[in-house]
Amino acid sequence: MDILNSEGIFDDKMWKECFAGIKKLCEYKLRSCPDEIDNVISDVYLAFVIEIHNNKVPDNPQAWLYSVANNIIKDKYSQLNKQNHFSISISSHDIEAMELTVFPDLSDAMISDADITLMADKIFSQLSQEEQQILTYFHYENKSMKEIADIINKSESAVKQKHYRLCLKVRRLIKESIENY
Amino acid sequence: MNKEILQEILQTESVSFSSEEIQQMLDEELEKSPEEMDTQLIDLCIDVLNMQNAPDKKETKKHKNIGVKKILLIAAIIGIVAALAIPVGADIPAIESQGGIVNVLENFIRVNLTGGKEYNLSVEFSTYGIPHELIPCKFYKEECIITDVGPAGDNAYRFGFELTDLDTDGYIAVGYVPDEFEFGYKYADIYAEVEQLKKMTVNGIDMLIYSTVDGDVDVNYFVDNFSFSICFRDLTVNEATEIIRNF
């Protein structure tokens, strides 16, 4: 994502592309104090433009903006908590909506089995040791999340989250591999 | 890892999490450095959590949706923010001025993020609820170019202009003064060395016109809860008077 256009001028369009995500993040994080949403978004934008102005173009602007927004929101709550007591309650009932987009069958990708095996090995080698462990325990050894949690000494919830993240990561790596095939 | 495992991962449709777990995933991801952060996961978590907080479930969003235009206006003062961080005498970063997008002005840098485009004063006034008919018609003519728009304090906006036929520039500052506001914009306090001062009435509006030793001519008037201050640079009082006679 280029922040500067071909003439090296700050391209406002890039902010607009990132804006939707920032707005959603601020609206969610600041839902208990909605009057602060506009202020925080403005602060994020100011930080962004100053960064560009100082010739520091983030490699991943969306991620950089999320990081900045997160810090500004935390500061905002610190300020507000000094004035009033803020607490955000989160309901704990289950949600079934963390969907993963189903990819087409690998066979449709017109890749030979031998190449898929190579791809799989390469993807596996790109995972961290913990990710490899989780993948092996869950998909090869068919262990439950609880069992994996006991083995790697983490909570079941943490393992579930790690596995979800792992699925997202592997999917992304597969997609990149197919695109580069 | 083999094809079957990959397929299994690809075909997984959904995973159930509690709100707390999703919140935890979101917070953990946001704490990562930008290089490690998975923005897709963040977006997913927020979308799901927002479904929990959807308006039809009793939550009402009281904030205004910040428009891009407002962000652009805020960004118009970036130069001042940058100037505060740049000590006097420090080297201003070399930024090429292209098409009026970036202007290095003495000790600060103004960044026009709209790409140096010209504004339409009618549109700008409409945006801020300022009646069109309360400023001289000169500013709506072709020879007037609105060069920048920005905030000028609480409920006040500043519109820079150039009058190409008179080779002058300046600004129009408009402030809204609510009825309950007794002080402030209802009174024009002049802090300048005044050379010439006069009062005139145009269309029933009392106006104060004065020139300063700097060569500026200012016109101040108050009407319909709006205060107007028009500053012309390098213009005579007579020339300014001719402009403001025609609304």
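Nothing here was measured: the structure is a model prediction, and the numbers come from that model. Residue numbers begin at 1 in each chain, while the letters A, B, ... track the order of the sequences.
The minimum heavy-atom distance linking B:Lys32 with A:Ser67 is given by the pair O-OG, 4.4 Å. The two atoms that bring B:Ile46 and A:Lys24 nearest to each other are CG2-O, 3.7 Å, heavy atoms only.
For the atom pair CH2 of A:Trp64 and OG of B:Ser33, the computed distance is 14.0 Å after rounding to the nearest 0.5 Å.
Contacts of A:Leu135 with chain B are made by side-chain atoms alone, with heavy-atom separations under 4.5 Å and no backbone atom involved. Of the atoms belonging to B:Glu35, not a single heavy atom falls under 4.5 Å from chain A.
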Just do the salt bridge (charged side-chain N to carboxylate O under 4.0 Å, His left out) check on A:Arg172 and B:Asp38 with the steps written out, would you?
CA-CA 11 Å; A:Arg172 202 160 36 242; B:Asp38 185 341; 3.1 Å; yes
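At a threshold of 4.5 Å between non-hydrogen side-chain atoms, the residues B:Asp27 and A:Lys29 count as touching. B:Glu31 places a side-chain heavy atom less than 4.5 Å from the side chain of A:Lys74. When side chains are defined from C-beta on, A:Ile73 does not count as touching B:Leu30, because their heavy atoms never get closer than 4.5 Å. Looking at heavy atoms from C-beta onward, A:Tyr66 lies in side-chain contact with B:Asp43 at the 4.5 angstrom threshold.
Among residues 122-129 of chain A, the residues having any heavy atom closer than 4.5 Å to a heavy atom of chain B are, in sequence order, A:Ile123, A:Phe124.
Side chain to side chain, B:Glu21 and A:Gln161 fail the donor-acceptor criterion of an N or O pair below 3.5 Å.
With sequence neighbours excluded, no residue forms a side-chain hydrogen bond (donor to acceptor under 3.5 Å, both in side chains) with A:Asn60.
Side-chain atoms of A:Arg165 never come within 3.5 Å of backbone atoms of B:Leu41 as a donor-acceptor pair (strictly under, hydrogens ignored).
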